[in-house]
Amino acid sequence: MLVKYRNSQNKLALGLLSLMPKEHELKYLQQTMQRYQQNRNWEMYFWQEKEKYIGIIGIEVQEKEFVIRHLAVLPSFRGEGVGRAIISETQKIYGGYKMSAVDEIEAFIKAIY
C-alpha cells in the first residue's frame, strides 16, 4: 500500500533513497530531500507491507504528466514484484496523467512491462 511521505519520516526516506545508485553521496541525497520538501510538484510515497516500509517512489508532477524520479525497494524484497506494485498504484493515483521516468528507472520499467 502506498503511504504519502511526511516530513517526520525524513530518516526513513533518506535510508530508502540512498539505495539508488546516484544517491549514495550524502550531500546529493540531502539536496534531493530538499527538493521533495520544498517543491510542491515533487511528491514521495512509501510502499508499506505488514506495517513495514519496504520501498519508496518519488515523482515530479507536471501539467499532464508525472515523472518517476526515484524508485527503490529494500534488497531483501527485490524480485517479488514490489517495484511493479509501487508503479501500478502510483498510476492509479495519477490516472489522468501520462507516466514517464528518468533513464535509470525507464530501463527497469521496460524490463517489467
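Since the structure is predicted, the reported quantities are computational estimates derived from the model, not experimental observations.
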Apply the test side chain to side chain contact (heavy atoms under 4.5 Å, CB included) to residues M20 and T32: give CA-CA distance (whole Å), side-chain angles for both, the deciding distance (0.1 Å), then the verdict.
CA-CA 12 Å; M20 302 244 354; T32 297; over 6 Å; no

Point-to-point distance, once rounded to the nearest 0.5 Å, from [atom1] of [X] to [atom2] of [Y]:
| X | Y | atom1 | atom2 | answer |
| --- | --- | --- | --- | --- |
| T90 | M99 | OG1 | CE | 9.0 Å |
| E23 | H70 | CD | NE2 | 3.5 Å |
| Q91 | I68 | CD | CD1 | 7.0 Å |

Note, [X] side chain near [Y] side chain (heavy atom, < 4.5 Å):
| X | Y | value |
| --- | --- | --- |
| L2 | K92 | no |
| V102 | K22 | no |
| V73 | E80 | no |

Assess the residue pair E25 and Q31 against the criterion (side chain to side chain contact (heavy atoms under 4.5 Å, CB included)); give the C-alpha distance rounded to whole Å, side-chain angles, the decisive distance to 0.1 Å, and a yes or no.
CA-CA 10 Å; E25 189 177 323; Q31 290 171 347; over 6 Å; no

Locate the shortest heavy-atom distance separating [X] from [Y]; write the atom from each residue and the value.
| X | Y | result |
| --- | --- | --- |
| E65 | Y97 | N-CD2, 3.4 Å |
| I105 | L71 | CD1-N, 3.6 Å |
| A72 | L16 | CB-O, 3.4 Å |
| E89 | W47 | CG-CZ3, 3.6 Å |
| E106 | S100 | OE1-C, 4.4 Å |
| I86 | I56 | CD1-N, 4.2 Å |

When you measure from the side chain of Q9 to the backbone of R6, do you find a donor-acceptor pair of N or O atoms at a distance under 3.5 Å?
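Here the side-chain-to-backbone pair exists.
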
Are [Y] and [X] linked, directly or through intermediate hydrophobic residues, by side-chain heavy-atom contacts shorter than 4.5 Å (ILVMFWY only)?
| X | Y | value |
| --- | --- | --- |
| V3 | L74 | yes |
| I87 | Y94 | yes |
| I93 | W42 | yes |
| M1 | I54 | yes |
| Y36 | Y28 | no |

Option among R69, R35, K4 that satisfies the salt bridge (Lys or Arg N to Asp or Glu O under 4.0 Å) test with E43
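Per the salt bridge (Lys or Arg N to Asp or Glu O under 4.0 Å) rule, the option paired with E43 is K4, out of R69, R35, K4.
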
Establish, from distance only, whether the side-chain atoms of Y5 and Q37 form a donor-acceptor pair under 3.5 Å.
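There is such a pair (donor and acceptor under 3.5 Å, judged by atom type) between the side chains of Y5 and Q37.
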
For F46 and Y53, take the angle between the two ring planes, folded into 0 to 90°, and tell me which bin it lands in: parallel under 30, tilted 30 to 60, perpendicular over 60.
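Tilted: the ring planes of F46 and Y53 meet at 30° to 60°.
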
